[in-house]
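Here is the structure we will look at, set down as structure tokens.
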Amino acid sequence: MRNVGTTDRALRVLAGSLLILLSLINVIGPWGWIGLAPIATGLLRFCPAYSVLGLRTCPIEHEQEHA
């Protein structure tokens, strides 16, 4: 089930990429690799923390009824 919307997804991938870039150029050290987490949640469109907290930034998916 998806719980990460389009804008949230883009911001996660951008922020995660920035953290990794800063780590690669030795600005923030190896902690920048934590950027893999927001990239993964953005690409997968699922955030475990959102599930625990009951949050979602995407529209609710409705199952289609079969006739």
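Nearest heavy atom pair, residue Arg9 against residue Leu43, reads NH2-O, 3.7 Å. When all heavy atoms are compared, the tightest approach of Ser23 to Gly32 is CB-CA, 3.7 Å.
Using a distance-only test at 3.5 Å, with no hydrogens or angles considered, a donor-acceptor pair links the side chain of Asn3 to the main chain of Cys47. Side chain of Thr41 to main chain of Ala37: a donor-acceptor pair is present (N/O by atom type, distance under 3.5 Å, no hydrogens or angles). Using a distance-only test at 3.5 Å, with no hydrogens or angles considered, no donor-acceptor pair links the side chain of Thr57 to the main chain of Asp8.
Enclosure of atom CD1 in Ile34 is not indicated, since only 12 or fewer non-hydrogen atoms of other residues, nucleotides or ligands lie within 6.0 angstrom.
The same ILVMFWY cluster, assembled from side-chain heavy atoms under 4.5 Å apart, contains both Leu53 and Tyr50. Met1 and Leu44 are not part of a single hydrophobic cluster, where members link through side-chain heavy atoms under 4.5 Å apart. Taking hydrophobic clusters as Ile, Leu, Val, Met, Phe, Trp and Tyr residues chained together by side-chain heavy-atom distances below 4.5 Å, Ile20 does not share a cluster with Ile25.
Within the 4.5 Å cutoff, side-chain heavy atoms of Leu24 are placed close to those of Trp33. Between Ser17 and Ile39 the shortest side-chain heavy-atom distance falls below 4.5 Å.
To the nearest 0.5 Å, atoms CG (Leu18) and CG (Leu11) are separated by 12.0 Å.
The cationic group of Arg56 does not satisfy the cation-pi geometry with Phe46, failing either the under 6.0 Å distance to the six-membered ring centre or the 45° limit from the ring axis.
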